[in-house]
Structure formats: structure tokens, C-alpha cells
There are 2 protein chains.
Amino acid sequence: MVQKRELIKGNSDSLLLCLLAQQPMYGYQIIKELEKRSQGYFNFKEGTLYPALHRLEKAGLILGKWQMLSNGRPRRYYHITAKGRTKLSTERVQWQDFINAVNMILQPAEN
Amino acid sequence: MVQKRELIKGNSDSLLLCLLAQQPMYGYQIIKELEKRSQGYFNFKEGTLYPALHRLEKAGLILGKWQMLSNGRPRRYYHITAKGRTKLSTERVQWQDFINAVNMILQPAEN
DNA sequence: ATATAATACCTTGCTGTTCTATGTATAATT
DNA sequence: AATTATACATAGAACAGCAAGGTATTATAT
């Protein structure tokens, strides 16, 4: 399947917030989880994900907490905030509105 | 309704190709038509649309032809090419794949 | 008559998002 | 001993959309 990567632009925030609304996760885990849940469709790059998480944290939508594993390797677990949950529900609506609008153009399609 | 404008990125090509697959149109008309068909959702800026049309033409997906009106005002009508129609059908599939993938993340959502 | 809005094209520069590439470091596997 | 997987991070390039500006004609409103 050939993907159109640009489609993800502006949508990744919703995906991240949605995952973190279910449980706190760390960056590397999020990448794997998105890939798994989308049956291999999503393959977030680290250069995309980490800056995105930093943006979301800076915006107060998520909160990162360092957690040291027994083996001494640190992970940064991100938790969604109340503000983040509000944002998520807004973005869900916006996503649906967007799909509807696009389909109004693409659907009546006998061409 | 508050829109998330970035969502359109990577999707506008499909919308333009779809319109032009139905009939040749000129830039200004496309803007109005997209607004009308989406019930006011889409409001393409000229700074977005004209460069987009130029890109599509350069890629051989559409073909522009100047047409002089009786009043002397020129319009540039764009026609879809065979290559453009092929591209459109590919993009339709990609769009559906993308929706499906996003919904795999957002849908199982009781949060 | 005159000002404003609508039509119709265009470009430049800014911004934001993604990706590639690179860097660091440890643990597990081959 | 070498490679892969885990886990974080950033810098620079590419690209699309937008605001703002420009030109020019026609139609409408004042």
C-alpha cells in the first residue's frame, strides 16, 4: 500500500492525545502502539514524534514524567491533562467535520 | 464551527482533481465551488489555490487553457488529464486507507 | 459621479509540520 | 564481537498553506 504521508499533517496531535487519554505512555511505546493499532499503517518517525510530544507538553495538553527503570534506563512517561482531554474532544469533532466536508466533494463521485 | 486548517494539507490535490474530473473550471470558480459543495466548510485562499493549480499542471495532472471572455477579461480553465484521472483514483484509495487507519485509533474511544 | 465590492489572475515571505540524518547510550540477540 | 532493539534528543531540509500584497476590470451601492 502506497501511503500519502502528508495526510497526517495536523492530525497527529489527535492521535497522540487519544492514546494518552487511555493510559500514560512513553515516546518509543507510542510509536509501536500506533503502528500496532493501525495494523501497520502508521509508522511515526522519531524526528516527528518527539518534537510533537514537546509541543503538546509546552501547550499544557500533556505532562511528561521521568521514570527510572531498575536497569537504570530512563523513560519519559506522558500523561494527558484536563486541558488535553478538552482539546481531544474538540479535535474529534473537527476531524469528523473535516471528513464530512471532504466526502461532500469526493463522494458524489461517479467519475 | 472552529476548523483545524492543517488537516487540509496533503488533501487539497484530491479535491481539485475531483472537481476538474467533472468539468473544466477556472481558479476563482473552483474556490467558490468548493465552498458551495462543502456547505461553507472549505474556504481556499488564493495564495493556496493558484500555486496548487500550477503544481498540478507542472506535474501533468491538469492542463490550463486561457479563454478570453467577450468583455476582454481572461480566465484560465483547467482540464484534467488522463494522468490526472489515474492519480485521482489512487488518491481516493489513499484517502480511504487513511480514514480507516485514523479511525482504528480514534474509534475505540470511550474516553 | 464616486466609492466599494466582486471578479480574476498572480507572487513573496512567513509559519508550522514532517522527514532524513545524526547523535548518545544501554540491553538483548546473533 | 557485532548487530539489533530500546530510548531519548536535535538540526536542517522540504513542503504546503496562509497573510498580505499587487494588477486590472466589472458591477453595485451610495
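Labels below follow one simple rule: chain letters A, B, ... track the order of the sequence lines, proteins then strands, and each chain is numbered from 1.
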Peer 1: So, does A:Tyr50 get its side chain near the phosphate of D:dA9, meaning an N or O under 4.0 Å from OP1 or OP2?
Peer 2: no
Peer 1: Quick one: B:His54 NE2 to C:dT12 P, roughly how many Å, whole number?
Peer 2: 12 Å
Peer 1: Under 4.0 Å, counting only non-hydrogen atoms across every strand here, what does A:Gly27 touch: a base, just sugar-phosphate, or nothing?
Peer 2: sugar-phosphate
Peer 1: Expressed as a whole number of angstroms, how long is the span from B:Glu35:CD to C:dA6:C1'?
Peer 2: 13 Å
Peer 1: What is the distance, to the nearest angstrom, from the CD atom on B:Glu46 to the P atom on D:dG17?
Peer 2: 15 Å
Peer 1: Does B:Ser12 place a side-chain N or O at less than 4.0 Å from the phosphate oxygens OP1/OP2 of D:dG17?
Peer 2: yes
Peer 1: Tell me the interatomic distance from A:Tyr28, atom OH, to C:dT24, atom C1', rounded to whole angstroms.
Peer 2: 15 Å
Peer 1: Quick one: do B:Glu57 and B:Arg76 make a salt bridge, cutoff under 4.0 Å?
Peer 2: yes
Peer 1: Quickly work out the A:Tyr78 OH to D:dA7 P distance and round it to whole Å.
Peer 2: 14 Å
Peer 1: With respect to the phosphate group of D:dA14, does any side-chain polar atom (N or O) of B:Arg55 fall under 4.0 Å of OP1 or OP2?
Peer 2: no
Peer 1: Quick one: closest heavy-atom pair of B:Leu106 and A:Arg92, and the distance?
Peer 2: O-NH1, 2.8 Å
Peer 1: Identify which nucleotide among C:dA8, D:dA19, C:dT11 has an atom closest to any side-chain atom of B:Arg75, counting heavy atoms from C-beta outward.
Peer 2: C:dA8
Peer 1: Which atom pair, heavy atoms only, marks the closest approach of A:Gln29 to A:Pro24?
Peer 2: OE1-O, 4.3 Å
Peer 1: Tell me the interatomic distance from A:Asn11, atom CG, to C:dT17, atom C1', rounded to whole angstroms.
Peer 2: 12 Å
Peer 1: Show the nearest heavy-atom pair for residues B:Leu17 and B:Ile80, with the distance to one decimal.
Peer 2: O-CD1, 3.5 Å
Peer 1: I want to verify a distance call: between D:dA9, C:dC10, D:dT6, whose nearest atom is closest to the A:Trp66 side chain?
Peer 2: D:dA9
Peer 1: Round to the nearest Å and state the distance from B:Ile31 atom CD1 to C:dA8 atom P.
Peer 2: 11 Å
Peer 1: Let me know the distance between CZ of A:Phe42 and C1' of C:dT17, rounded to the nearest Å.
Peer 2: 15 Å
Peer 1: What is the minimum heavy-atom distance between A:Leu88 and A:Ala21, and which atoms define it?
Peer 2: CD2-CB, 3.8 Å
Peer 1: Under 4.0 Å between any heavy atoms, over every strand shown, what does A:Gln29 touch: base, sugar-phosphate, or nothing? Just pick one.
Peer 2: nothing
